[in-house]
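Heads up: the structure comes next, in structure tokens.
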Amino acid sequence: MKGYDSFFEAPGTIESHICHVCGTTCDVERNKYAPTNHIAALAKKSTYHDYFFCPYRGEAWHEKAMELVKAIEETPSSRVAELMKLDLQDLLQKYVPKE
């Protein structure tokens with residue numbers, strides 16, 4: 001999801017991005033000419049950009065981790081958030097290779 005595990009940047013302005021879900025260094029496609037959102041795609045409007053994306057994007061464990069990250073951000077309870085952070089840490093330790 002854009003802003004969590006994928007990012008669009010002006011060409012050549014950012015060297016790298018880290019996935020906000022799992023902490024992995026994102027892959028990048030440089031100087032890509034394509035729409036950057038749904039509305040641009042419907043309007044058939046493309047722009048040049050660098051596209052950063054997590055290599056684990058779309059994997060079931062990564063989707064679950066993203067749900068946890070979002071839930072942590074949205075919960076009004078700091079105690080519940082702390083428990084969810086522990087679940088997230090366990091999940092990431094199981095699946096994310098050490099870089």
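Worth knowing before you read on, the calculation uses all heavy atoms, side chains too, and leaves out hydrogens, waters and symmetry mates. All figures in this text were calculated on a predicted structure; none of them were measured in a lab. Starting from 1, each residue takes its place in the sequence as its number.
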Is there a chain of hydrophobic side chains (I, L, V, M, F, W, Y, each step under 4.5 Å between heavy atoms) that links [X] to [Y]?
X: Val96; Y: Leu91; result: yes
X: Met84; Y: Val21; result: yes
X: Leu92; Y: Tyr95; result: yes

Gap separating the [atom1] atom of [X] from the [atom2] atom of [Y], nearest 0.5 angstrom:
X: Phe52; Y: Asp5; atom1: CZ; atom2: CG; result: 14.0 Å
X: Ile18; Y: Thr25; atom1: CD1; atom2: OG1; result: 3.5 Å
X: Asp50; Y: Arg30; atom1: CG; atom2: CZ; result: 4.5 Å
X: Cys26; Y: His20; atom1: SG; atom2: NE2; result: 7.5 Å
X: Ser6; Y: Asp27; atom1: OG; atom2: CG; result: 12.0 Å

Discussion item. Tell me the closest heavy-atom pair linking Thr13 and Ala10, and the distance in Å.
Written reply: OG1-O, 2.8 Å

Practice prompt. Identify the two heavy atoms, one from Thr24 and one from Cys54, that lie closest to each other, and give their separation to 0.1 Å.
Written response: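 Reported closest heavy-atom pair: CB-SG, 4.4 Å.
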
Worksheet item: Would the number of heavy atoms belonging to other residues, nucleotides or ligands and lying under 6.0 Å from CG of Leu86 be above 12?
Response: yes

Discussion item. Is it true that, when you exclude Glu15 itself, more than 12 heavy atoms of the residues, nucleotides or ligands shown sit nearer than 6.0 Å to its CD?
Written reply: no

Discussion item. A cation-pi test, strictly: NZ or CZ of Lys32 under 6.0 Å from the centre of the six-membered ring of Tyr48 and no more than 45 degrees from its axis. Yes or no?
Written reply: no

Just so I know, are the side chains of [X] and [Y] near enough to count as touching, which here means a heavy-atom distance under 4.5 Å?
X: Phe53; Y: Glu29; result: yes
X: Ile72; Y: Leu88; result: yes
X: Cys19; Y: Tyr4; result: no

Practice prompt. With sequence neighbours excluded, tell me which residues meet side-chain hydrogen bond (donor to acceptor under 3.5 Å, both in side chains) with Lys45.
Written response: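 side-chain hydrogen bond (donor to acceptor under 3.5 Å, both in side chains) check on Lys45 returns nothing, list empty.
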
Fill in: Salt bridge flag under 4.0 Å for residues Glu82 and Lys85
yes

Check: residues 58-68 side-chain donor-acceptor pairs under 3.5 Å, at least two apart:
residue, atom, partner, partner atom, Å
Glu59, OE1, Trp61, NE1, 2.9
Glu63, OE2, Gly58, N, 3.3

Fill in: Worked check of ring pair (Phe, Tyr, Trp, His ring centres under 6.0 Å) between His17 and Phe8
CA-CA 10 Å; His17 259 290; Phe8 299 104; over 10 Å; no

